[in-house]
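All ligand and atom numbering here is 1-based and tracks the order in the structure. Fair warning: this is a prediction, and the values are worked out from it, not measured in the lab.
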Amino acid sequence: MSNENSSIHEFDFNLICEYFSNLGRQAPGSPETTIQALNFIRHLTTESRIADIGCGTGSPTMVLADHVPGHITGIDLFPKFIDIFNSNAQKLNIQDRVKGIVGSMENLPFQDEELDLIWSEGAIYNIGFKRGLNEWHKFLKPGGYISVSEASWFTEERPSEIDEFWKDAYPEIDTISNKIAQMQKAGYVPIAVFALPENCWIENFYNPQITVQKNFLINHEGNNTAEQLIVNQRHEAQLYYKYKDFYGYVFYIGKKF
Ligand code: SAH
């Protein structure tokens with residue numbers, strides 16, 4: 001990549017980061033579904049070590065912290081998200097056991113068999129579901145759990161417009177049954193699978209973006225990249241309303257075999 005390209009890239013990252021740091025959460029989800037997934041996970045103690053990978057500003061992490069004992073490390077690529085994460089932990093007075101660090105899910109700073117639980121909501125797609133499940137496996141203790149949410153097809157077939165959109169955005173999107181098979185092949189016993197309800201997308205993810213988009217466009221008037229970012233976000237939301245029967249986020253909970 002040339003220097004010119006990488007600086008354009010960085011500029012895009014800054015805008016994306018600014019846009020999403022204004023939102024309470026950076027992916028579809030809800031406190032209820034985080035707790036629902038957590039209910040399948042047993043034997044966590046004050047000694048447990050938990051990682052939330054691609055934690056963003058920590059909306060799901062703070063729910064986790066409220067419901068499990070033990071230490072939680074949140075990891076995200078964007079320093080600004082981690083700053084907000086750590087100030088959220090401080091506000092809740094849980095900074096002693098909940099810490100955000102800047103890092104990449106492709107190069108995690110854990111020892112083999114260190115973790116009791118790996119959590120990741122709306123983020124594993126950045127490394128790819130199969131690669132993430134396979135590479136993160138070694139960090140879990142035997143019998144440790146993984147709980148991730150991942151974009152999945154609800155049906156075997158779907159209209160070409162949405163098929164093409166997702167195959168371009170995330171070619172690894174697949175049916176729920178195929179994802180379960182991938183989890184099993186990566187060395188986990190599939191424990192539970194459930195689809196996130198629509199409110200996780202509409203009320204918790206797309207609705208809060210409406211005001212953020214208006215302010216973002218005012219603050220970046222005349223900036224083509226910023227305008228294009230909002231066009232893309234609005235397009236994605238419209239496709240969700242049109243095709244939500246065909247896809248969504250699905251929680252996959254597995255136990256290291
Ligand atoms: N889990 C949060 C954020 C999900 S959005 C929530 O549910 O709200 C996906 C997150 O993955 C973003 O915060 C993004 O910065 C982060 N991310 C993207 N690539 C990453 C990588 N290689 N390593 C770590 N985090 C990454």
### Query
Hey, is ligand 1 close enough to Glu121 that some N/O pair sits below 3.5 Å?
yes

### Message
Counting only heavy atoms not in Phe257 (residues, nucleotides, ligands), do more than 12 fall under 6.0 Å from its CZ?
### Response
no

### Query
Hey, what do you get for CD1 (Ile41) to CD1 (Ile191), rounding to the nearest 0.5 Å?
9.0 Å

#### Entry: Contact atoms of ligand 1, heavy-atom distance to Gly56 under 4.0 Å
3 (C), 13 (O)

### Query
Which of the atoms in ligand 1, numbered in the order shown and given with their element, are less than 4.0 Å from a heavy-atom of Phe81?
13 (O), 15 (O)

### Message
I'd like to know if Val102 and Ile53 are part of one continuous hydrophobic network [Ile/Leu/Val/Met/Phe/Trp/Tyr, side-chain heavy atoms within less than 4.5 Å].
### Response
no

### Message
So if I count the atoms of ligand 1 from 1 in the order they appear, which ones are less than 4.0 Å from some heavy atom of Gly103?
### Response
23 (N), 24 (C)

### Message
Using a 4.0 Å cutoff against the non-hydrogen atoms of Ala27, which atoms of ligand 1 qualify?
### Response
4 (C), 7 (O), 8 (O)

### Donor + acceptor pair across side chains of Asn224, Gln228 (<3.5 Å)
no

### Task
May I ask you to check whether Gln26 and Tyr19 show a side-chain donor-acceptor distance below 3.5 Å?
no

### Query
Does ligand 1 have any atom sitting under 4.0 Å from a heavy atom of Pro60?
yes

### Task
Would you tell me whether Asn204 and Ser30 have side-chain atoms, one donor and one acceptor, within less than 3.5 Å of each other?
no

### Message
Just to confirm my output: which protein heavy-atom neighbour is closest to atom 15 (O) of ligand 1, and how far is it?
### Response
Asp76 OD1, 2.6 Å

### Query
Is Arg158 salt-bridged to Asp163, going by a charged N under 4.0 Å from an acidic O?
yes

### Query
Any non-hydrogen atom of Gly122 lying under 4.0 Å from ligand 1?
yes

### Asp52-ligand 1 polar pair, N/O distance under 3.5 Å
no

### Query
Taking everything shown except Asn107 itself, do over 12 heavy atoms lie less than 6.0 Å from its CG?
no

### Task
Quick one: look at Phe20 and ligand 1, take heavy-atom pairs under 4.0 Å, and tell me if it's side chain, backbone, both or neither.
neither

### Query
Looking only at heavy atoms, is any part of Cys55 under 4.0 Å from ligand 1, and if so is it the side chain, the backbone, or both, or is it neither?
backbone

### Task
Flag the pair Glu198 and Lys244 as a salt bridge only when some basic side-chain nitrogen lies within less than 4.0 angstrom of an acidic carboxylate oxygen.
yes

### Query
Would you say Ser120 touches ligand 1, if touching means a heavy atom closer than 4.0 Å?
no

### Message
Could you tell me, atom by atom, which parts of ligand 1 come under 4.0 Å of a heavy atom of Arg25?
### Response
8 (O)

### Task
Note the single closest protein heavy atom to atom 21 (C) of ligand 1, along with its residue, its atom name and the distance in Å.
Met105 CG, 3.5 Å

### Task
Go through the steps to decide whether Tyr243 and Glu161 satisfy the test side-chain hydrogen bond (donor to acceptor under 3.5 Å, both in side chains), and finish with yes or no.
CA-CA 9 Å; Tyr243 294 116; Glu161 185 183 19; 2.5 Å; yes

### Task
Measure the distance from atom 8 (O) of ligand 1 to every protein heavy atom, then report the residue, atom name and distance (to 0.1 Å) of the closest one.
Gln26 N, 3.0 Å

## Note on the structure
min-distance protein heavy atom vs atom 22 (N) of ligand 1 -> Ser104 OG, 3.4 Å

### Task
Examine Gly54 against ligand 1 and note whether any of their N/O atoms are separated by less than 3.5 Å.
yes

### Task
For the pair Lys141 and Asp116, find out whether any cationic side-chain nitrogen is under 4.0 Å from an anionic carboxylate oxygen.
yes

### Summary
In this structure, atom 25 (N) of ligand 1 is nearest to the protein heavy atom Leu77 N, 3.4 Å

### Query
Do we get Lys255 above Tyr188's six-membered ring, with its NZ or CZ under 6.0 Å from the centre and within 45° of the axis?
no

### Task
Would you mind checking which non-hydrogen protein atom is closest to atom 17 (N) of ligand 1, with the distance to 0.1 Å?
Asn126 ND2, 3.7 Å

